Colleague: 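My questions all concern the structure below.
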Amino acid sequence: MPTIEFKSVTKKFGKVVGLENASLRISDNEYAVLLGPSGCGKTTLLKSLAGIHALTSGRILVDGKDVTDLPPEERFMGFVFQDYALFPHMTVLQNAMYGPIVRGAPEEQTRKTAHEMLDLVRLSARYDEIPENLSGGMRQRVAVARALTTGSKILLLDEPLSALDAKVRKELRSEMRRMVKELGLTAIHVTHDQEEAMAIADKIVVMRKGGIEQVGSPHEVYANPQTLFVAGFIGEANFFEAYVRRIGKKAYLSTLGRTFLVPEMEEGPYIAVIRPEHIRIKPGSEAKVVSSRSFGAYVMNELDIRGQRVLVRSTEALSGHVGIEIDESKIMLFETPERGLDEALEVD
Amino acid sequence: MENFLNRLARKKEAVLLFQLVVVLFFFAFILIPTFYIMLRTPSFSFSGEMQSAIFNSFAIAITSTLLSIIAGVPMAWMLERKKFPCMRIVDVLVDMPLIVPTSALGFSVAMFWGAEGLGLLGKGFWLIVALHTAFVYPYIVRTVAAAMRELNVNYEIAGRSLGAYPLTMFRTITLPLVRSSVIIGALLAFTRSLGETGATMMVAGAFQTSPTLVLNFKDSGDMTSAVGLSVMLIIVSTVLLALVKYAARRSGVPIGKIYPGFEKYLSGKFVVRDIFAVGFLILGIIIPSFFFIKYLGLGADFNIVIESVIISFAIAAAVTAVNLLLGIPMAIMIARGKRFGLVFDFLTDAILVMPTVALGVSLSLFWGKVDEVLIIALAHLSFTYPFIIKPVAEAVANVDVSLEEAARSLGAKPIKVFRTITLPLIWPSIAAGALMAFMRSLSETGATLAISKSVKTIPVLIVDLVKKDLLREAAFACAILFIVSFAVIFITRRK
Ligand SMILES: Nc1ncnc2c1ncn2[C@@H]1O[C@H](COP(=O)(O)OP(=O)(O)O)[C@@H](O)[C@H]1O
Ligand SMILES: [Mg+2]
């Protein structure tokens, strides 16, 4: 039932800024994913919540209660580390039992809970082995089980899948979501992989340079990015220079050598963002096909239109020259960034 | 030069011959002379005097090792986990007694606790404990701190996050994981205390430990008893080494009993622990070590000292050079060959933990009529050998072979690969080993005392001067060793 609230949280490591003035609210039983390039402060946010880092300023509330000054052992949060940090001198079962035991829970009952949790992650058969003998995926599951035996209702996962093979990764991520929902937990999952985020999140928190860029459902952040950075970081996108001119009451947008009628807008330069799937191929000779790569379900083409590179999705592989048609209702317009487009898209 | 070496390296016979020399050197100059004494145990009576000396040695070694663990483990924790700016200074201070020769330390500690200083401890058991604690303390702090540095901090954070109070976490996570290092550190401390001779003599008075008794026997011409007791000491330290190596390799500590309330209470007392750790370092280790400064002054007869300084430095330099020349190839052979790695490891460790006074007795018997300075140098060759070969062998083993293969595939010849890839990578270990060997030779007392008749190295001279109550001269000799030690610390820490 926990809700989590970050209020203007700042964390500095000496001069290095880990987090700057980050505010965020995560509701009960929500699977939230922190997404952003490495070094943007995801781990710092998670560790601040777990009490591993002391904040420079700001407050953190859990269910309305201020936990900012509590030490980690009094926060009752399950933390799964990127490297799992399974205790190498203990068996799988002892790892799973550690939390309740150090809190003084009776051993018999703890053993039962630990076995239940290991069951849940399908590892009950390996309870007597030491972590060293397990595969990466198994270790990850033990780490989850260990975090859950404490009875914690908050599960914090720091890139829990990044050390695993692509196949295992996909399998485990849906399993984790299912488990969080079944147990009624609130989870915060850190990743730099946008596909992973889209696949499991109720809510995606896009981070950049110690700050929060946008919070929303996977669909929202993809379809309605609030910043150029989010548009570029999530999914593929074309960025074109554009200009809006007003004639009478109407506004006309020109980009890529064509003009569209757009809703009420101020005159001036803009950046137009168009996703590859919102450009259709039609017969013609306007665009030269530079490359065409199949991804199985679809083909991604790189076209050259008057010196501009344009990404276009199609169902069939292309060659030679083609024409294009832009779905104008899907064009997203952003103000031209002060320090240039490159800076706006830069990951660190 | 490099061309010549390359051609030489291609000649199989040349390589084999060189390897043979290296191995022969190890056996003929290091191993056999060291353990020669074992072959020479004539019948001797195990007198009551010897029994009580051995008992005393153990009592002292156990007490000072325990004291060092109690004060040293919290200190190691502070050094590694608290990043106060002033910790850098503490870090250097901790090493002082490790590098400062025990005879200088002995003089200083005796003056501090004795009638000339606080007047708290008279010559005898507790003064010896105070001295031994001072020089074994760094072994504990260093080994434990190194192990804590290697430890993934996420284990500790995970423990805390799972609900363990700091003390509980330390006891159930950190300590079990650094346990083998604590054991190794304790072994080093214990055997070092067991074997220390020169400084102990200064503070023992009528009290006898095993090494001082060995010297007594030797001085009174009773070689039978000297050899007998030496052999006892060698056996004890070697058996201890074997036991500890075995114990350190076994792992698996259960979580054990947890007392949440009590440990939570104690976890709140960190300030007390920190004050204790720092207080112990300052009052028990640092101030006693520097107390000799009080006796520095003009009016000392420097001439007595100068001759010893020259002898000491000449021996230390020569010994280090020879060991570098013949030890590094051996280290590489061991690291790459892996054939007798474990045995060799044990042998060098055995030399390392062996009481040097026993080594001195062994070597003076083995080399017999050879010139005194030469025997001293040969003795120093033996006990400094492990200091070079151990770190270098470890460094070579850690060099990623694929780096060398990459260099070969880029066209470098083997000698060139060694010079441009391997050597730069193992260089820090060579430098560190050479410094350790040099310092050890400069500061060794026990073996040198057992051999020396008229030749006196600085530490032997200090023992001598204190005996003759020439305290100013002793302080001057101490100061020279201290300055060199400081220079060494400064050089090694500069990076
Ligand atoms: N313990 C630390 N000491 C100093 N700087 C740190 C520490 N932890 C993180 N940082 C810095 O804070 C920034 C954010 O780091 P982090 O939260 O680990 O990023 P992410 O998890 O998103 O990759 C980085 O610039 C990083 O270098
Ligand atoms: Mg991270």
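Note on naming: letters A, B, ... go to the chains in the order of the sequence lines (proteins, then strands), and numbering restarts at 1 for each one. These numbers come from a predicted model, not from an experiment. Scope of the values below: all heavy atoms of this structure, side chains included, with no hydrogens, waters or symmetry mates.
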Colleague: Sort out for me which of A:Q82, A:K47, A:R146, A:M77 touches chain B most, counting heavy-atom pairs under 4.5 Å.
Modeller: A:R146
Colleague: Report the residues that fulfil salt bridge (Lys or Arg N to Asp or Glu O under 4.0 Å) with B:K390, sequence neighbours left out, ordered by chain and then residue number.
Modeller: B:D345, B:D349
Colleague: May I ask you to test the A:F87-B:L177 pair for a side-chain heavy-atom distance under 4.5 Å?
Modeller: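 Of all side-chain heavy-atom pairs linking B:L177 with A:F87, none is under 4.5 Å.
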Colleague: So, taking the atom named CZ in A:F81 and the one named OG in B:S161, what distance separates them when rounded to the nearest 0.5 Å?
Modeller: 5.5 Å
Colleague: Taking atom OH of A:Y127 as the centre, does the number of heavy atoms from other residues, nucleotides or ligands within less than 6.0 Å exceed 12?
Modeller: no
Colleague: What distance do B:N154 atom CG and A:L86 atom CG have between them, rounded to the nearest 0.5 Å?
Modeller: 11.0 Å
Colleague: Could you check which of A:G99, A:A85, A:A147 has the highest count of heavy-atom pairs closer than 4.5 Å to chain B?
Modeller: A:A85
Colleague: Would you indicate whether the side-chain heavy atoms of B:I157 and A:F79 approach each other to under 4.5 Å?
Modeller: no
Colleague: Just give me the residue among A:G51, A:A50, A:P88 that pairs up with chain B most often, heavy atom to heavy atom, under 4.5 Å.
Modeller: A:P88
Colleague: Could I get the full list of side chain to side chain contact (heavy atoms under 4.5 Å, CB included) partners for A:P71, not counting sequence neighbours?
Modeller: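 A:P71 satisfies side chain to side chain contact (heavy atoms under 4.5 Å, CB included) with A:E73, A:E74, B:R160 only.
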Colleague: If you check every heavy atom in residues 175-182 of chain A against those of chain B, which residues fall under 4.5 Å?
Modeller: none
Colleague: Check whether more than 12 heavy atoms from other residues, nucleotides or ligands sit under 6.0 Å from atom CD of A:E5, and answer yes or no.
Modeller: yes
Colleague: Search all heavy atoms of A:Y98 against all heavy atoms of B:L162 and return the closest pair with its distance.
Modeller: CD2-CD1, 3.9 Å
Colleague: Do B:I173 and A:M90 touch side chain to side chain, with heavy atoms closer than 4.5 Å?
Modeller: yes
Colleague: Excluding sequence neighbours, so at least two apart, what forms side chain to side chain contact (heavy atoms under 4.5 Å, CB included) with A:A114?
Modeller: A:L93, A:A96, A:M97, A:T149
Colleague: Given that the side chain runs from C-beta out, which part of A:I130 has a heavy atom under 4.5 Å from chain B: side chain, backbone, both or neither?
Modeller: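 For A:I130, there is no contact with chain B at all, as no heavy atom is under 4.5 Å.
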Colleague: Drop me the distance from B:T172's OG1 to A:H89's NE2, to the nearest 0.5 angstrom.
Modeller: 6.5 Å
